[in-house]
Amino acid sequence: MDMEKFIKNMPKVELHAHLNGSLSTKTLLELATLEYGETNNEFQTICRNFQQNQEFSLDECFKKFPIAHALTTTKDGLRRALLSVIRDFSQDNVVYLELRTTPKSTTKMSKVEYLETVLETIRLADSLYPDICVKLLPSIDRSKGIEMAKETMSIVTEAMKTQSDLIKGIDLSGNPAISSFDEYGKILSDAKNNNLKLALHCAEIDNSDETYKMLQFGMDRCGHGTFITSQNLNIAKEKQIPIECCLTSNLKCGTVKSYVEHHFKNLYQSNHPVVLCTDDPGVFDTTLSDEFIIAQKTFNLSTKDLELLSLKAVDVSFADSVEKEFIKQKISKYFND
Ligand code: IMP
Ligand code: ZN
């Protein structure tokens, strides 16, 4: 079997994907047609251009999310979007998915309803797509301010009373150029005390003071970690903080210059725990298979490397021990049969 096919068929683990960034152009067009009818050409054009913008900057990438957000303001839209995303990951042979999303209040739905709809839909997907296990990491959007973050935490804490089998951790994301981490420390400590793991976007831009504070604060996994260098790298290594590497996302946002120069290489070669992730497969027009194929070709990974990367992803996931064992068996069987 050729390598690309081998990777496509490989059971994969996705630990860093944002719901509204994961909608493919096809799904956006389907949702737009249902929402606005066949004749809304303007929105159809926007959807078609979704992945075409070649201007690589973090700010340009952040301008794309409102397109998806406009189509997930109703319970029906959100449900359809989430089912499409889970289907797409499952079709890419992702067997375990930790999906993130920021609960939002819209004119049609409260934040509580947003979270409830997401959780209900994940349970529904369990019967529709039985080969994939989906968990949720509610996101705190750092660009929306501390009051919004407190509200999110209180809703999540309430939901945890009955849905702790699905809600596994908290993500801190949003435009990293906006607001400072200091404001969020107390809320994230509360999350930790409530048995939630922390997956924090950190060092996505070059801000070594903030990166230092975040690494000292601690986290269960670090999103991106692009600009973790020198002393901060020592801290990340001492604490063995796993880093979620999103190759195409970083390239298309302009935070790394090329695949070859991606920090994945040094981290992997120095035996630091790393995972390959998509971040926003819809926005960046990628899949987890594509990311593995790119990594395999760029860094000359062997099938043994692919197996070790996949098993490491299970280790650093927020699944429980029985789930971890089950996924590891699937992966080992694929590599060793
Ligand atoms: P949502 O939370 O389901 O609406 O997914 C989209 C959101 O994820 C965006 O509005 C951002 O807040 C966040 N996001 C997606 N990609 C990134 C990233 O690379 N860095 C920081 N935040 C991101
Ligand atoms: Zn992200």
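In listed order, ligands and their atoms are each counted from 1.
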Ion pair K328/E307, N-O distance below 4.0 Å |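 No salt bridge links K328 with E307.
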
Hey, is K108 close enough to E113 for a salt bridge, meaning N to O under 4.0 Å?
->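 Between E113 and K108 there is no salt bridge, as every charged N stays at least 4.0 Å from the carboxylate O atoms.
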
At the Zn ion (ligand 2), what is the angle formed between atom OD1 of D279 and atom NE2 of H16, rounded to the nearest 10°?
->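 The angle at the Zn ion (ligand 2) comes to 80°, rounded to the nearest 10°.
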
Residue pair K12, S289: steps toward the side chain to side chain donor-acceptor pair (under 3.5 Å) verdict | CA-CA 8 Å; K12 289 172 286 289; S289 290; 3.1 Å; yes

If you have a sec, work out which protein heavy atom is nearest atom 11 (C) of ligand 1 and how many Å separate them, to one decimal?
->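 For atom 11 (C) of ligand 1, the nearest protein heavy atom comes out as F62 CE2, 3.8 Å.
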
Got an N/O contact under 3.5 Å between [X] and ligand 1?
{"X": "S173", "result": "no"}
{"X": "G174", "result": "yes"}
{"X": "T101", "result": "yes"}
{"X": "N20", "result": "yes"}
{"X": "S139", "result": "no"}
{"X": "S249", "result": "no"}

Selection from D280, T255, V118, D141 by shortest heavy-atom distance to atom 16 (N) of ligand 1 =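 The option holding the nearest heavy atom is D280.
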
Looking only at heavy atoms, what is the nearest atom pair of C277 and E244, with distance?
->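 Shortest heavy-atom contact: SG-CB, 3.9 Å.
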
Atoms of ligand 1 less than 4.0 Å from L19 heavy atoms?
->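 Every atom of ligand 1 under 4.0 Å from some heavy atom of L19: 3 (O).
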
Who passes side chain to side chain contact (heavy atoms under 4.5 Å, CB included) against T152, sequence neighbours left out?
->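 With neighbours one apart ignored, the set is P103, K111, I140, V156.
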
pair K135-L97: side-chain heavy atoms closer than 4.5 Å =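 The answer is no, as the side chains (C-beta and beyond) never meet within the 4.5 Å cut-off.
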
